[in-house]
Amino acid sequence: GKDVDAIKKRGELNCGVNTGLPGFSAADSQGKWSGMDVDVCRSVAAALLGNADKVRYVPLTAQQRFTALQSGEIDLLARNTTWTLTRDASLGLTFTGVNFYDGQGFMVPKKLKVNSAKQLKGATVCVQSGTTTELNLTDYSRANNLGLKPVVFEKLEAALAAYASGRCQAYTTDASGLASSRAKDMAVPDDHVILPELISKEPLGPAVRRGDDDFAAIVRWVGFALIEAEEYGITQANVDQLKSSSTNPSVMRILGMGNEDTGKLLGLDKEWAYRAIKAVGNYGEQFERHVGPKTPIQLPRGVNNLWTKGGVLYAPPIR
Amino acid sequence: MSAQFQPIAPRPSPVRQSGPVAWARRNLFADWRSTATTLFIALLLVWALPGLWRWIIAGAVFRPDADACQAARGVGACWGVVAEKYRIILFGRYPFDEQWRPLVATLLVIGGLVVSCMRAFWKRWLIALWIAILALFFTLMGGGVLGLSPVRTELWGGFPLTIMLSVISLFLAFPLAVVVALGRRAKLPAIRTICVLYVELVRGVPLISVLFMASFMFPLFVPQGVTVDVLVRVIAGLTLFIAAYMAETVRGGLQAVPKGQFEAADSLGLGYWQTQRLIVLPQALSMVVPSIMNTFISLFKDTSLVTIVSLYELTGALALALNSDVQWRPFKLEAYFFITLIYFSGCFAMSRYSLWVEKQLAASKAR
Amino acid sequence: MIYQVIALALLALGLWYLAHNTQLNMRARGIQSGFDFLGANAGFDIGEKLIDYDPSQSYGKAIWVGVLNTVKVAIAGIVLTTVLGVMLGVGRFSRNALVRGLCYGYVEAFRNVPLLLQLLMWYLVFIELLPAANEAWAFGGLVFLSKGGLSFPWPTTGVGAVLGGLAVGAVAGVFWRRRVQKRFEATGQDGDRFWAPLAMLVAFALVGWVVAGMPRAWSVPEQLAFMVDGGMALTPEFMALLIGLTMYTASFVAEVVRGGIQSVSRGQDEAASALGLNPRQKMKLVVLPQAMRVIIPPLTNQYLNLTKNSSLAVVVGYPDVVSIANTTINQSGRAVECIAIIMLVYLSTSLTTSLVMNAYNRRMAIKER
Amino acid sequence: MSDPIIRFDKVNKWYGNDFHVLRDIDLSVAKGERIVICGPSGSGKSTLIRCINRLEEHQQGTLTVDGVELTDNIKAIDQVRKNVGMVFQQFNLFPHLTVLENLTLSPMWVGKMPKKEAEERAMQQLKRVRIAEQAQKYPLQLSGGQQQRVAIARALCLTPKIMLFDEPTSALDPEMIKEVLDVMIELANQGITMLCVTHEMGFAKAVADRVIFMDQGQIVEQNTPEAFFNNPQNERSKDFLSKILGH
Amino acid sequence: MSDPIIRFDKVNKWYGNDFHVLRDIDLSVAKGERIVICGPSGSGKSTLIRCINRLEEHQQGTLTVDGVELTDNIKAIDQVRKNVGMVFQQFNLFPHLTVLENLTLSPMWVGKMPKKEAEERAMQQLKRVRIAEQAQKYPLQLSGGQQQRVAIARALCLTPKIMLFDEPTSALDPEMIKEVLDVMIELANQGITMLCVTHEMGFAKAVADRVIFMDQGQIVEQNTPEAFFNNPQNERSKDFLSKILGH
Ligand SMILES: Nc1ncnc2c1ncn2[C@@H]1O[C@H](COP(=O)(O)OP(=O)(O)OP(=O)(O)O)[C@@H](O)[C@H]1O
Ligand SMILES: Nc1ncnc2c1ncn2[C@@H]1O[C@H](COP(=O)(O)OP(=O)(O)OP(=O)(O)O)[C@@H](O)[C@H]1O
Ligand SMILES: [Mg+2]
Ligand SMILES: [Mg+2]
């Protein structure tokens with residue numbers, strides 16, 4: 001398709017990411033990006049261009065993201081974006097899957113002694129504009145007759161700063177974001193609690209522009225490949241070894257061994273998935289690396305586990 | 001028989017009007033109302049100054065020591081945040097080891113600005129100088145030649161970006177403004193209408209919607225596959241925006257050229273373009289130097305808005321430096337004061353200069 | 001003639017090219033377009049609103065709420081800016097050097113720093129320095145100031161009657177001034193033109209209150225668990241925006257006022273002195289009427305600037321029209337349409353203002369040959 | 001000579017600290033006297049007459065006008081200004097007021113006169129300068145000559161004892177000069193005390209009791225018009241006259 | 001009379017649609033003739049001479065200058081402007097250029113003359129008006145009289161066959177008028193064709209071959225200076241002369 005051609009010709013993938021959400025996409029002071037969403041960009045670049053570093057990151061606010069994608073400013077939007085019907089149907093874009101199953105929650109200062117969202121009657125809530133978060137908050141407030149007052153900010157940082165300074169009694173966003181912010185953005189993380197209620201389903205996933213189904217397929221299957229890799233125990237560390245010695249037909253198909261060539265159908269070469277895994281590791285590795293219990297963000301694997309381990313990650317077979 | 005004129009020698013005035021006491025009497029204690037006001041303001045200052053002094057100097061922490069800052073909170077300012085973060089604030093995400101390049105580049109441009117401010121240097125070679133400076137600026141910033149490692153434009157940030165955006169936009173806007181201003185005075189109604197529409201439309205909308213269009217909607221307007229660096233698009237937006245304002249300024253200058261000048265030019269047989277180039281524009285433009293300075297000042301300030309479209313100029317770089325750093329984030333106000341100082345010194349110097357030019361012009365008019 | 005045709009043709013071609021590309025691009029990318037989305041359900045709530053709005057209403061209504069919010073901050077800003085700016089401008093001519101110096105210092109300090117920065121700083125000051133909403137500073141248990149904003153008592157009934165009283169008082173004041181003027185013309189005896197009308201305003205407002213049965217039903221703000229509720233509340237977002245815009249624009253208005261006063265030629269001042277007018281009479285009868293003509297046009301420009309600058313509300317989280325349109329873009333994806341709406345809103349304010357101004361200028365123009 | 005209505009006694013004035021613009025001026029003007037002041041540009045003529053109604057203040061010497069000594073005393077200044085009318089080179093009419101309003105302004109606000117009376121008096125003065133029919137127009141709608149006549153009428157509305165004219169015709173077209181000079185000659189003939197800075201020698205000859213020639217802040221020569229024009233006593237005046245009468 | 005160098009033939013001109021400013025002007029000017037035009041303000045004097053180098057265009061009748069008929073033809077206009085020098089009341093020097101640059105501007109840009117030659121010629125003309133030493137100054141550094149002389153020199157640099165003067169002395173101080181008039185008299189004596197709007201009667205008497213009196217857009221009277229001043233034929237001219245000579 002034409003987007004694929006354009007990217008190949010350019011030799012670089014333009015990837016829209018969050019301006020700063022630790023664990024998903026954040027740049028360190030050297031300008032190096034990392035996170036779950038960033039790994040989406042990197043894995044696609046590795047599969048498509050052969051080099052995970054051939055990515056130009058375009059940091060976007062929630063408001064800018066769809067326009068940027070529609071207008072061609074970016075090729076791939078990997079910015080913790082919730083997959084909804086409206087967005088899928090009317091914005092001229094295609095979601096290619098889910099790289100994180102999330103739900104919206106609330107964070108409040110501990111000293112307010114609140115332990116349920118239902119106790120937030122009349123509270124002021126800081127929220128980033130142009131998100132499903134904003135809509136869910138409205139719905140939840142109405143459904144439970146809480147009269148929550150939103151204070152809406154253009155930028156995530158601004159919303160967080162306002163919450164941190166005490167302008168709002170609560171801060172709401174996806175639970176993953178809450179955890180990340182609590183860990184990285186609060187001076188004393190223990191002064192804040194994340195309330196138990198999840199008020200929405202937030203399947204976050206990458207999206208591409210409509211009009212090039214080939215590209216959508218590539219992004220979608222790169223994502224699946226990384227999940228499959230976890231299922232079959234392919235890791236960044238052992239991928240080279242497996243590639244030379246594995247006899248498991250599924251593994252061989254994924255890594256493009258022998259005369260297995262799944263890449264051709266996607267318009268890629270046969271080592272596409274190998275390169276992606278080599279670059280970012282399988283899904284589980286990414287999770288552990290960026291948001292897992294050993295990171296400051298400390299998210300449990302929860303629903304984001306393989307279907308075989310009680311989660312909902314269920315990748316269609318690569319064959 | 002006729003008397004010779006014998007001038008009385010001038011004497012100095014008996015009432016010396018200077019001296020601090022005389023000055024204070026006239027300016028501070030002229031009558032009871034003035035005296036009351038003076039005392040009131042003095043009391044206010046006495047009440048406020050010690051606290052300010054404590055916050056700014058005495059109780060302030062100058063070392064980049066976050067714990068000390070935390071301890072001094074509410075009592076003294078934490079200038080340590082500037083000491084700690086100034087490089088990110090000034091240069092944004094530009095690779096740390098290469099930051100001498102933006103530094104040199106910025107100094108070059110500032111030097112160029114200073115030189116351009118001196119009347120003695122208003123010569124033709126100034127244009128050449130600027131072309132050279134800008135070429136050097138981009139070479140230094142972008143690299144890729146002469147053994148400089150390439151740095152892509154999205155990593156450019158901080159003060160160099162602020163300076164670059166304002167200077168380049170000004171240079172590009174200037175010719176456009178002259179053309180539009182001439183067009184607004186043209187005898188041809190179609191051209192005049194176009195110019196009027198352009199000026200009025202642009203001046204009617206806020207800059208941030210222009211920037212938003214430039215940075216996010218621009219690709220919708222061009223054929224697919226054509227991409228333009230976001231920096232270039234933002235510059236285009238700023239240029240189109242500021243040119244509309246400048247066109248009005250220039251038009252004011254054109255209108256201030258007396259009709260007699262046109263007539264004299266006609267009577268000497270000069271043609272339209274000769275008249276404009278040799279007679280009208282030189283006078284009009286030198287008349288509007290102060291107003292153009294003022295336009296430049298507002299442009300310089302307005303570049304801070306590009307942070308809204310995610311370019312990390314000075315204001316944006318500050319957010320970049322502090323937002324993600326929990327330790328230092330509480331001291332944002334001090335960091336804001338730091339860049340306020342930068343903006344203020346720039347703008348204040350320029351506005352003083354423009355006043356000075358204005359006086360010079362008035363003086364040359366009055367002989 | 002040839003030039004004109006060429007210019008027009010080029011322009012038309014350029015516009016067509018852009019429009020054509022946009023259409024092609026939108027079609028190719030399956031982006032929906034059109035203004036039908038304005039009727040669709042918005043689904044998001046807005047923190048501050050002047051009219052009833054709830055999330056189940058349309059995008060159109062939401063944007064209208066934003067427009068009204070813009071108008072609210074613009075009008076309040078214009079009023080405050082005028083007062084502050086005129087004081088600063090006149091202060092530059094004070095005989096007291098301290099007043100002169102302070103006015104000068106103010107003007108230089110505020111106009112030489114980007115507005116965006118000032119807004120950010122004001123907002124920071126509000127949300128950092130004030131106490132949290134659950135421990136608001138209370139002034140006499142009536143007025144509360146905290147990060148949640150400024151809350152003060154507001155009557156729940158009788159507002160109409162008091163306003164009515166004020167209106168009557170205003171009419172009475174005008175009548176009074178007219179009588180003073182008449183008497184002055186008849187006898188040369190001048191009377192009080194300011195205090196008496198002011199007293200009338202207050203008195204009639206009181207009467208209105210009494211007539212309404214002296215309602216005491218005030219909605220008084222009270223401290224709740226984590227907020228202050230009731231009364232009238234101004235949010236920190238609104239206050240930061242308002243104060244920032246006002247302080248910034250006032251520094252420009254001060255310069256305009258100063259320029260206007262200076263523009264009245266010295267000859268006018270001298271002629272007035274030669275006629276024996278005292279300084280106050282000179283100001284009122286000769287200088288100000290002439291200065292106004294010079295002041296009004298740039299002053300209007302400053303008002304327009306203030307209105308346009310209110311679009312920076314997005315950085316402090318105040319829901320003005322730009323902020324809500326941006327949200328709408330995001331929820332509905334109609335970028336082109338929303339930007340067009342924003343531009344239309346601002347263009348129509350500036351065009352209306354210019355029209356009014358031109359009319360005013362024509363009326364006030366000094367009659368010449 | 002009767003008691004002088006204006007008396008300069010060793011009056012000195014400086015602009016700033018160094019610019020000595022009036023030097024040891026001694027001058028007495030009798031009631032009803034008509035004086036023409038001439039001299040090269042910058043010699044201090046305007047400054048001299050502007051001291052009389054204290055548009056400028058002198059720093060040394062005493063200046064007495066109509067029995068009142070001019071000092072910082074605001075009462076005294078007001079008193080003097082009520083008795084002194086002034087006509088400027090640039091007319092200085094108030095462009096935002098009609099001709100009539102220009103004329104009634106001072107009588108109403110300073111003189112506390114009822115409007116009707118002030119208007120009657122204004123119309124009288126307008127008739128005196130022969131432009132009563134222009135009363136409702138705005139100054140800038142009139143020709144230069146007419147404007148200057150309005151300015152004269154405005155000064156006359158104060159019923160001044162002294163009229164000061166500072167080059168009242170030099171901003172006018174040749175034809176209009178005559179209109180204004182005619183009005184001034186009429187006034188002069190009515191016996192009002194008059195000081196006039198002008199280079200209109202015809203006027204000087206026709207009405208002046210005395211011509212004063214100034215240079216470099218001093219009064220160089222004073223004399224009757226005949227004596228002054230036909231037989232100037234001083235080198236400097238001779239030189240000056242040769243230039244302005246030469247063509 | 002030799003072949004006329006300027007010929008107005010029933011020339012009419014309107015400003016806008018209604019204002020008939022020149023009415024049936026018939027006028028021939030012979031080579032070398034020196035003409036003074038006078039008349040009340042607004043009578044169309046300026047308009048008349050500005051038609052000659054087409055700063056204004058006439059709408060009816062024919063106007064021929066130096067054998068070229070003035071129409072919309074741009075070539076013809078350029079041709080005429082090269083041969084006609086004009087001096088304005090307000091001098092209209094270019095303040096951003098030095099005196100010398102003012103003078104060389106047209107020769108260099110219109111006449112395509114090398115810079116050196118143009119400067120030589122300019123210096124000649126500056127000598128002619130006696131201010132060669134001011135060549136490097138800027139106009140605003142000069143006195144009014146000097147400025148006007150520069151303006152004359154600038155016009156002369158075109159080596160014009162005709163010189164037009166529009167009230168060249170009326171913006172000057174009395175003392176400076178003489179300087180300028182002296183230069184003009186010299187020029188006149190050198191035989192250049194000259195049309196001059198002025199009210200300086202001394203000048204008219206000294207050099208004019210013919211005085212033209214205009215009123216309301218018409219030429220009311222033309223005559224030799226002696227005849228005109230001593231014995232005006234027309235009521236209107238009599239009236240006018242009485243006014244401007246009266247004081
Ligand atoms: N406010 C002032 N401050 C300083 N110098 C002044 C001021 N007003 C006038 N002068 C100077 O004082 C001198 C005398 O001025 P004045 O106006 O009295 O002269 P004049 O004789 O009226 O001249 P003219 O014929 O040009 O009107 C001039 O050199 C002038 O430049
Ligand atoms: N551009 C113009 N448009 C309309 N009317 C004009 C224009 N220029 C001049 N007039 C009018 O035409 C008339 C003649 O003007 P002109 O300048 O020729 O008079 P003039 O005899 O030179 O008078 P003056 O002695 O005042 O210079 C005047 O009434 C003037 O108001
Ligand atoms: Mg004077
Ligand atoms: Mg004329």
Side-chain angles (χ1 to χ4, degrees), chain B residues 23-24 26-31 33-35 37-38 41-42 45 183 186 188-191 193-194 200-201 203-209 212-213 216-217 219-224 297 300-305 307-308 314-315 319 330 332-333 336-337 339-340 343-348 350-351, chain C residues 1 3-5 7-8 11 17-19 21-22 24-26 28-29 31 94-102 108-109 111-118 120-121 124-125 128-129 304 307-312 314-315 322 325-326 329 335-336 339 342-351 354:
Chain B
W23 183 88
R26 251 181 312 125
N27 289 294
L28 296 177
F29 306 103
D31 52 23
R33 276 166 73 173
S34 180
T35 309
T37 318
T38 304
I41 296 177
L45 291 180
L188 313 170
I191 291 178
T193 318
I194 294 173
E200 295 304 331
L201 276 181
R203 292 188 340 141
V205 300
L207 176 56
I208 68 165
S209 36
F212 196 85
M213 290 239 284
F216 295 105
M217 292 173 58
L220 280 180
F221 298 144
V222 298
Q224 280 187 7
I297 295 175
F300 183 65
K301 287 186 292 173
D302 281 347
T303 51
S304 59
L305 300 197
T307 155
I308 293 178
L314 209 41
T315 321
K332 227 181 194 172
L333 199 59
Y336 277 143
F337 278 126
I339 61 173
T340 294
Y343 278 115
F344 178 82
S345 0
C347 295
F348 186 69
M350 287 189 282
S351 71
Chain C
M1 196 57 216
Y3 288 125
Q4 298 202 54
V5 174
L8 275 182
L11 186 77
Y17 178 72
L18 291 182
N21 276 330
T22 311
L24 268 185
N25 285 336
M26 305 225 324
R29 291 161 194 175
I31 302 171
S94 164
R95 284 171 40 171
N96 188 302
L98 269 177
V99 175
R100 276 198 314 263
L102 282 181
E108 293 299 343
R111 70 174 184 166
N112 282 325
V113 175
L115 173 60
L116 182 87
L117 207 52
Q118 295 192 34
L120 289 172
M121 289 209 275
L124 196 66
V125 164
E128 286 288 348
L129 300 190
L304 286 180
T307 311
K308 279 185 280 172
N309 284 338
S310 72
S311 61
L312 294 183
V314 288
V315 301
V322 173
N326 279 359
I329 290 180
V336 180
I339 292 277
I342 295 179
M343 294 198 155
L344 203 74
V345 167
Y346 285 103
L347 267 181
S348 50
T349 17
S350 19
L351 287 184
S354 326

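Side-chain atoms are counted along with the backbone in the values below, which use heavy atoms only and exclude waters and symmetry mates.
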Atom group of B/Ile339 that falls short of 4.5 Å from chain C, counting heavy atoms: both
Top contributor to chain B interface from C/Ser311, C/Ser350, C/Ser310, C/Ser94 [non-hydrogen pairs under 4.5 Å]: C/Ser311
Within-4.5 Å side-chain heavy-atom neighbours: C/Leu98 and B/Thr37: no
Region of C/Leu347 that comes under 4.5 Å of a non-hydrogen atom in chain B: both
Close side-chain approach of C/Tyr346 to C/Val322, heavy-atom, < 4.5 Å: yes
Side-chain (C/Gln118) to main-chain (C/Val113) donor-acceptor, under 3.5 angstrom: yes
4.5 Å side-chain heavy-atom contact, B/Leu333 and C/Glu128: no
Proximity breakdown for C/Val99 and chain B, heavy-atom pairs closer than 4.5 Å: both
Engaged part of B/Phe212 at the chain C interface, taking heavy atoms whose separation is under 4.5 Å: side chain
Most contacts with chain B, counted as non-hydrogen pairs under 4.5 angstrom, among C/Val315, C/Asn326, C/Leu304, C/Leu120: C/Leu120
Contact origin within B/Leu314 toward chain C - heavy atom pairs under 4.5 Å: neither
Contacting region of B/Ser304 [heavy-atom separation from chain C under 4.5 Å]: both
Side-chain heavy atoms of C/Arg111 within contact of B/Ser351, under 4.5 Å: yes
Backbone of C/Met343 reached by a side-chain donor or acceptor of B/Ser209 within 3.5 Å: no
Distance (rounded to the nearest 0.5 Å) between C/Arg100 CZ and C/Arg95 CZ: 10.0 Å
Contact origin within B/Thr307 toward chain C - heavy atom pairs under 4.5 Å: side chain
Residue C/Leu102 versus chain B: region with a heavy atom under 4.5 Å: side chain
Chain C interface, residue from B/Ala42, B/Ala186, B/Ser34 that has the most non-hydrogen pairs under 4.5 Å: B/Ser34
Residue pair B/Thr35 / B/Leu28, side-chain heavy-atom distance below 4.5 Å: no
